[in-house]
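Down below is the structure, laid out as structure tokens.
The basis for the numbers below is simple: all heavy atoms, side chains too, and nothing from hydrogens, waters or symmetry mates. So you know, we letter chains A, B, ... as the sequences are listed, proteins then strands, and number each from 1.
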Protein chains: 2
Amino acid sequence: MQTLIEIQQQLLPDLLVVMRKRYLILRQVMLSDMVGRRTLAASLDMTERVLRAETDFLKAQGLLLIDAAGMRISEAGKRLLEDMEPFYKTMFGLSELEERIRHHFGLKQVVIVSGDSDSSPHTKRELGKAGCAVLSKAMKQNDVIAVTGGSTMAQVANQLTTQTPFKGNWFVPARGGLGESLDYQANTIASTMAKRTGAQYRMLHVPDHLGEEAYTSLMQEPNVREIVEVIRSARIVIHGIGDAMVMARRRRVDATVVEAMEAEGALAESFGYYFDRSGAVVHKMLTAGLRLEDIMETEVVIAIAGGRSKGEAIAAVMHFGHDDVLVTDEAAALEIAAIIDKEEQEASATSK
Amino acid sequence: MQTLIEIQQQLLPDLLVVMRKRYLILRQVMLSDMVGRRTLAASLDMTERVLRAETDFLKAQGLLLIDAAGMRISEAGKRLLEDMEPFYKTMFGLSELEERIRHHFGLKQVVIVSGDSDSSPHTKRELGKAGCAVLSKAMKQNDVIAVTGGSTMAQVANQLTTQTPFKGNWFVPARGGLGESLDYQANTIASTMAKRTGAQYRMLHVPDHLGEEAYTSLMQEPNVREIVEVIRSARIVIHGIGDAMVMARRRRVDATVVEAMEAEGALAESFGYYFDRSGAVVHKMLTAGLRLEDIMETEVVIAIAGGRSKGEAIAAVMHFGHDDVLVTDEAAALEIAAIIDKEEQEASATSK
DNA sequence: GGTGCGTGGACGTGTAATGTCCCGCATGCA
DNA sequence: TGCATGCGGGACATTACACGTCCACGCACC
């Protein structure tokens, strides 16, 4: 059985967005007692014109009183705010979280699905769906999309569908082979995505982790070189995020290297790199795939990861600061919010 | 305390309209099992193109399955319809009623406010407000608006406000003096409305009910004649509806005439005329105000009346068939719906 | 009486919604 | 087996609307 809100989300996905917008306007006016349009627009981060459309509407509904001196809330508006209070958190809790995380890390967009991917396969599926929606929106024609491996990315690949085939688009793996199971290989995922969207794909058949010698000689190979250049020119990168130690072990990284990384505080792994708590890269190395400098120049970088246990790792990668969009779940988002809280407290403590 | 639905009706009435539209599409598809776009558009009374936009959306949401053979509902869509069922009536019950009544009497628009004006002054105020909204929307520049008397019309006049003054507009009484209390006189109401909207007004200082001789001689008077011509040229008429016997008594109509009218089945009164159950006019008479033929040619005729006790009278006037818009309340609307039911049953019984 | 902030009106522009027409295709009937 | 019908979906011109921008005017406060 679904609640009214869940039904509405399906039937009118932007209902909550509009509702929240109007609610916030009303609340802001209430708090400001009497306020002008420009001031209000600034404090709500809206353009003056769209705010005006909304206030005109709220006035017509009798929730707002507007006269030459400015705007104030009506009795009916006050009552509405009070009555809406109990619904606010369940309705907009996630939107609020999204906005908070988006703002703190300077991202373009944050999407949070409810639940915890660690414990619920259903949430993981939803996470995949949300990832698809974001990716589909980002894709244009003749794009190159670099994808990483991992179970979450595999989930995205399985959810991907499209009405109009993206014929001119290329899916490529972001990195070479990483010694994981076949299903979670970047190569596998890139090919699945391409097949499901009617796009093309290319594979990179080299191990990711290379010594300098092997790297140089492989890059002499014309066909390797060619695909590597395609990869590095990707306009969109979509990647998962993992726990550093778990990933290192799964990838059979040298025990000594693992120890070194642990000593340096490695916490998160993403597109083959390891990050510490502050988002600094631990252990940079040669790779045939995407390099850090490529990521920094990529137009759209989408991170997708969920589950309570991944919260810290996600925050670390976000600190790295080159992502544009984050798709995650409620459990991870709450962890991230807690980390933000702590950081802000520390920041205010040191500033004193 | 308001429910979430009530809050939404205030905060996003526009979106709820969209929601209803999508719900009805989904339901129609469900009932039709498998149906084409053109057929569906016809049965929902929508243009093909807007239906297409909606079905594309519903398909993207996974609620509708579309293939070369036609459209059918998906499992998720079926579930959504079931889950929405309990909310439907509270959300759209009034819209449903509006549409039903609108369609049955061939009106352009029906507006229903919740409650019963007979028992709740609050509902009566809301009725007034709704009437204002309709009237404001209908008014253009340099219009002549004829208004009748009555307590409901007085309520409309008291609620009327406007941001932009309607300078070139004229409010006039639809009929002459009718021996009611001053507050409910058409003259009074016309002047109140004019004052509240910054418009002009003219008065008609003659008794409404006239013998042939008096009528002829009064119409010789140039200033009477002039205002009468203005009245009869009104582009908008807004009128109340009353119970025939109550109004006749209040207006001190001759006892013999009252008896005659009662014998003829007089049920409702509006703009000075008396109607029987089927909307036929009982007792036509000379008047210095609006005549029936004027009403028939008026561009916009707005009826406004509410309260359970008025239901029958409203239905009678609607049968008369020259109104464009009806503004009423829930209690009256339910009475009207019951009458429609009965009529339709009788109609189907005779057709057999 | 000046100054600043307020609303509301006007207007140009770009984009999304809509009306219209058409195509290729599957299906069912002759 | 062939033909007609009705299907979804693509294309495109037109329209309507939302939005950014600018300005006039009025009110309150200094």
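- Whole-Å rounding puts the B:I66 CD1 to C:dC25 C1' distance at 16 Å.
- Applying the salt bridge (charged side-chain N to carboxylate O under 4.0 Å, His left out) rule to B:D14 yields the partners A:R22; only residues at least two apart in sequence or on another chain are considered.
- Ion pairing between A:R79 and A:E82 fails under the 4.0 Å rule for side-chain N and carboxylate O.
- Residues meeting the ring-ring contact (aromatic ring centres under 6.0 Å, His included) test with A:H322, sequence neighbours left out: A:F320.
- Although no hydrogens or angles enter the test, the distance criterion places a donor-acceptor pair under 3.5 Å between the side chain of B:E98 and the main chain of B:I112.
- Following rounding to the nearest Å, A:D67 (CG) and C:dG6 (C1') show an atom-to-atom distance of 9 Å.
- Rounded to a whole Å, the CG atom of B:L58 is 17 Å from the C1' atom of D:dG9.
- Across the protein-nucleic acid pair, A:M34 atom CE and C:dG6 atom C1' stand 10 Å apart, rounded to whole Å.
- Nearest to the side chain of A:A68, among C:dG8, D:dC27, D:dC7, sits D:dC27.
- Distance, A:M71 CE to C:dC5 P: 15 Å, rounded to whole Å.
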Going through the checks in order, is the salt bridge (charged side-chain N to carboxylate O under 4.0 Å, His left out) test met by B:E344 and B:R100? CA-CA 12 Å; B:E344 282 175 355; B:R100 183 113 191 276; 3.7 Å; yes

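- Note on residues 23-36 of chain B: no pairs pass side chain to side chain donor-acceptor pair (under 3.5 Å), not counting sequence neighbours.
- Atom C1' of nucleotide C:dA16 and atom CG of A:D14 are separated by 14 Å, given to the nearest angstrom.
- Summary for the helix from C:dG1-D:dC30 to C:dA30-D:dT1: the axes at its two ends, each from 5 pairs, differ by 30° when rounded to the nearest 10 degrees.
- Test A:V147, A:I236, A:T192, A:I238 against A:F171 for side chain to side chain contact (heavy atoms under 4.5 Å, CB included) and you get one pass: A:V147.
- In this model, the phosphate group of C:dG6 is approached by a side-chain N or O of A:T39 to a distance below 4.0 Å at OP1 or OP2.
- Residue-to-nucleotide proximity on DNA chain C shows that, of B:A69 and A:G70, the 5′-proximal contact is made by A:G70.
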Identify each atom pair where a protein N or O and an N or O of nucleotides 18-24 of chain C are less than 3.5 Å apart, giving names and distance.
from: C:dG19; atom 1: OP2; to: B:T47; atom 2: OG1; distance (Å): 2.5
from: C:dG19; atom 1: O6; to: B:R49; atom 2: NE; distance (Å): 3.4

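- Atom CG of A:L51 is separated from atom P of C:dG8 by 12 Å (rounded to the nearest Å).
- A:E299 pairs by the side-chain contact (heavy atoms from CB on, under 4.5 Å) definition with A:R235, not counting sequence neighbours.
- A:L65 places its CG atom 13 Å from the P atom of C:dT7, with the value rounded to the nearest Å.
- Listed pair B:K59 / D:dG9 meets the phosphate criterion, a side-chain N or O lying under 4.0 Å from OP1 or OP2.
- The shortest distance between side-chain heavy atoms of A:Y201 and A:M193 does not fall below 4.5 Å.
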